[in-house]
Every structure is written in structure tokens, then in C-alpha cells.
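Take a look at the structure set out below.
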There are 2 protein chains.
Amino acid sequence: MSPPLRLTRAAAKARTRELLLASAAQVFAEQGYAGGSVDEIAARAGYTIGALYSHFSGKDELFLTLFDDRVAGHLRAIEEIVEHCGVDDDAAFAAFGDYLTTVADSRSGWSGLESEFLRYALTRAELLAKVTERRESARDAIARLISRRAPSWADAQITATAIIALFEGLLMQRRVNPASVPPVVFAGALRRLLAQATS
Amino acid sequence: MSPPLRLTRAAAKARTRELLLASAAQVFAEQGYAGGSVDEIAARAGYTIGALYSHFSGKDELFLTLFDDRVAGHLRAIEEIVEHCGVDDDAAFAAFGDYLTTVADSRSGWSGLESEFLRYALTRAELLAKVTERRESARDAIARLISRRAPSWADAQITATAIIALFEGLLMQRRVNPASVPPVVFAGALRRLLAQATS
DNA sequence: GTCTATACAAAGATAGAC
DNA sequence: GTCTATCTTTGTATAGAC
């Protein structure tokens, strides 16, 4: 009946979970999905694999959970930029250029990880379905944001698809060679991709 | 002194090498770099790993050799399209759109493989250097093709970087869900990215 | 040059004790 | 809930016979 000294059981469990997730994010970012081992993930969080498996069904679930977080984070960041910049397109494009480099250069940056996991999921039907569903919902969220610039919803979706592909490709290239992808690459490409048809 | 009945020793060796490479291309395309095993590559070509290792130093060399072929193939295809379409931009953009889907849908399509290998190479300095060198040379080849549309060489390089990122990203997405990436996605994006600044 | 056999190392996952 | 120990599989690479 009295409150526990520090943490309730549930809170302690949640904390372990968070520690494991944070560790997984780091390990995956550094070594990729195939390259990162659940063993190291657990160890870096201060646990053993046994503990990890009592919180997650396996490597896949670990990754998918992080994947959801990432996508949500990207969408939040995008909305923030759009809100903050209002109708000033140039400011927004510049902010997106900076966002790309910030993500790519951060220690927990996921450059190339989405593609690697997609490639891995290609031969695993249920996994692929899950990831595809998430990606389509993210694409549509972006399409909604740019729909007023597009002549149709289908066109907005197409543009969103291109923007996502571009973002992922540049993220990877920036990681490989930062100098070859200054913020202006993404900013400039966005400006062109989103230019109003003036014909 | 007399010509051999069927194959010279050198030709036989070259043939084995080609068989192994073709098999590797297939296996990597189907199962990715991490997912594909040298064992299966050898077996599918009709050999054992022992034979494979007498032709290649290992998995990396196998992949890098194929990677060079791919890049050269892409560059040839690009030049052909540019030559064939002359100054008709719309025809060229449409042809590039079709090229993307052809590559993505082909049995030996390498969707996502470049990224996967890049991600893998990130933690292997010598490998990364090799791949980066090849990628930069390819980027510059593309930049030369579009340099007359760009205000400067640096700008041409930037645009080429964006185009490559876009191509790789769309290739992957097309593989995951073909319906979400019709040819027009790449064609339209190219048109916008390469639009002459009219300001 | 190719094959058989094997060395060697990891990784993912599970069982059962505490 | 966490740990220790282990199972099981798999993969790269090498050695030596033919």
C-alpha cells in the first residue's frame, strides 16, 4: 500500500525496456542491422540476452519498435519545420537541408538502415507487410503536407515518394562522404521537386 | 601446338569465373549481401567453395567485381538514352523512368544492394575507400552529361548526387511495392530536377 | 582447378536455476 | 526479471587429397 522507495515494478520494467531500446538504436546505427548482435545490444545496456528476450520477441521486434519511433520523429520534425516557417518556402527548404545533415551526422543517425532492413524484409513476407504499411502511412502523411502544391492526390503521393527516396539516398551518401552532400543538395532538390507548375 | 578440342585452359578458367560471377549476381539479388552465402553461390554455379576461393579472394571481391559491372552498365545505358533521344528531353525522361522499372523488376535487379553494401563498408575503411572512389567517378560521369544544364561544375555534381540518391531510393521502393513507383515518378522528378532555372 | 573435410567463429534463440 | 549455460545453425575460410 505504501509507495515504493524508488520505482514500481512496472516502472522498472519500462526502464529496462527503454535502456535496451536505446542500446539497440546505438548498435544498429554503428553496425547496421545484420552487423549488430543482440548480444552486444543487451551487454551495452547492462543486461544479458536472457533479459532482452524477456522484453522482446527477438531482433526483428527490437528493430520494428525503433523504426516506429524514427518515423514518428521524422514526421514530428517535418511538421515543426512546416509550422515554424509558414509560407516562407526558402526558409523551410534550408531547414530541411539542415535536418538531413543533422540526422546523418548524429551518433544515432540511421543512415542506410531503413534500406538495409527493407532489403532484409524482402524475403520475409510478414515482416515486409509490416514495414510497407508503416512506410505508406508515412508517405501519405507527407503527401498531405504537400497536397496543396500538387494538382492531385496521386501527384502528391508521387512527389512524396520521390522525396522519401531522395532523403534516404542522401542520408546514406552523406554518411559515406559528408563533403559530397552539403545541406544545399537536399534543399535545392526539394525546391525543384516542389516548384509549382507554371506552364 | 594443335588447337584444343574445345577450350583452352585459360578460356576454361575464364568461363568458370563468369559462371561464378553470374551465380553471385543472382544470389545477391535474391538474398542481399549479408543474406547470400558464398556456399550457395558456388553451388548454384555448379562448383564448391573450394573452387570459388581459387578464383576470388572472398565475398568482398566477388561483390566489388559485380559492382563495377553494374556501374559500367548503368553508365552505358544512360549514355545510350541520352544519345538516342538527342534534345528531346521528354523522351529521355520517359526512357529513364522505364529504365528504373526495368532494372528494379529484373530477376537480377540489384535494388537496395548498393546501399546495403555501403552500410556494410562503413565500418571497413579500405573497402569504403574503394566503393567511394567508384561512386565518385560515376557521379562525375553523370555530372558531365548534365553540366551544360547547370550554372557550374559544382552545381552539376550536386544535381548528379541527388539523381543517384533518388534512383537508388526509388529502386528499393519499387522492389518493395511496384505499384507505388510507376515510371513517371522517376521521369517527373528528373524533369523537375533538371529544369533550367528561369528566374 | 576442383573437391572433400574441417577448422573456426558468430549469431539467434531457448531452458532452467535463482 | 535476470542470468548462466547451452543448443543449433550458419557462414567464411583453409588444408590437403586427387
Side-chain angles (χ1 to χ4, degrees), chain A residues 4-24 26-28 30-66 116-117 119-121 123-124 126-127, chain B residues 4-24 26-28 30-66 116-117 119-121 123-124 126-127:
Chain A
L5 262 179
R6 294 179 187 274
L7 291 174
T8 64
R9 246 170 278 218
K13 183 173 178 181
R15 185 169 164 275
T16 301
R17 195 184 146 91
E18 288 313 311
L19 285 174
L20 286 168
L21 280 173
S23 173
Q26 233 182 57
V27 171
F28 286 146
E30 286 171 20
Q31 311 181 25
Y33 182 74
S37 76
V38 289
D39 207 25
E40 179 168 355
I41 289 171
R44 240 195 253 194
Y47 297 91
T48 57
I49 14 176
L52 190 152
Y53 274 91
S54 82
H55 284 271
F56 298 94
S57 70
K59 205 181 183 184
D60 288 357
E61 192 191 327
L62 213 39
F63 186 91
L64 276 180
T65 307
L66 288 171
E116 188 193 346
F117 193 72
R119 179 43 284 176
Y120 164 78
T123 53
R124 285 156 182 87
E126 339 86 59
L127 240 192
Chain B
L5 263 180
R6 295 179 184 274
L7 291 175
T8 65
R9 246 168 280 216
K13 184 173 177 181
R15 184 169 165 277
T16 300
R17 196 184 145 90
E18 289 313 311
L19 285 175
L20 286 168
L21 280 174
S23 173
Q26 234 182 57
V27 170
F28 286 146
E30 288 171 18
Q31 311 181 23
Y33 183 74
S37 77
V38 290
D39 206 26
E40 180 168 356
I41 289 171
R44 240 195 253 194
Y47 297 93
T48 57
I49 16 177
L52 190 154
Y53 274 91
S54 81
H55 285 270
F56 298 93
S57 71
K59 205 181 182 182
D60 287 357
E61 193 192 327
L62 213 39
F63 187 91
L64 276 181
T65 307
L66 288 170
E116 188 194 345
F117 193 72
R119 176 49 277 180
Y120 165 77
T123 52
R124 285 156 182 87
E126 340 87 58
L127 240 192

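Everything numeric in this text was worked out from a predicted model, so none of it was measured. Lettering of chains follows the sequences in order, A, B, ..., and the numbering in each one begins at 1.
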Heavy atoms only: give me the nearest A34(B)-A34(A) pair and the separation to one decimal.
-> CB-CB, 3.8 Å
Just jot down the side chain to side chain contact (heavy atoms under 4.5 Å, CB included) partners of A11(A), sequence neighbours excluded, or say none.
-> L7(A), T8(A)
Relative to each other, are the rings of Y33(B) and F28(B) parallel, tilted or perpendicular (30° and 60° limits)?
-> tilted
Kindly state each residue pair satisfying side-chain hydrogen bond (donor to acceptor under 3.5 Å, both in side chains) with at least one member in residues 37-46 of chain B, sequence neighbours excluded.
-> Q26(B)-R44(B), E30(B)-R44(B), Q31(B)-E40(B), E40(B)-R44(B)
Apply side-chain contact (heavy atoms from CB on, under 4.5 Å) to L20(A) and T16(A), showing your working.
-> CA-CA 6 Å; L20(A) 286 168; T16(A) 301; 4.0 Å; yes
Output the residues of residues 32-44 of chain A in contact with DNA chain D, where contact means a heavy atom of the residue under 4.0 Å from an atom of the strand; sort by number or write none.
-> none
Cation-aromatic face contact R124(B)/Y120(B), 6.0 Å, 45 degrees | yes
ring-ring contact (aromatic ring centres under 6.0 Å, His included) contacts in which one or both residues fall within residues 35-62 of chain A, not counting sequence neighbours | none
Greater than 12 external heavy atoms within 6.0 Å of R15(B)'s CZ = no
Chain A footprint on DNA chain D, 5' to 3' - any atom under 4.0 Å from a heavy atom = dG1(D) to dT4(D)
Close approaches to DNA chain C from residues 46-56 of chain A, in residue order (heavy atom, under 4.0 Å) = I49(A), Y53(A)
Mind listing the closest non-hydrogen atom pair of V38(A) and L52(A) along with its distance?
-> O-CD1, 3.7 Å
Rounded to the nearest 0.5 Å, what's the gap from CD1 on I41(A) to CG on L62(A)? Could you check?
-> 5.0 Å
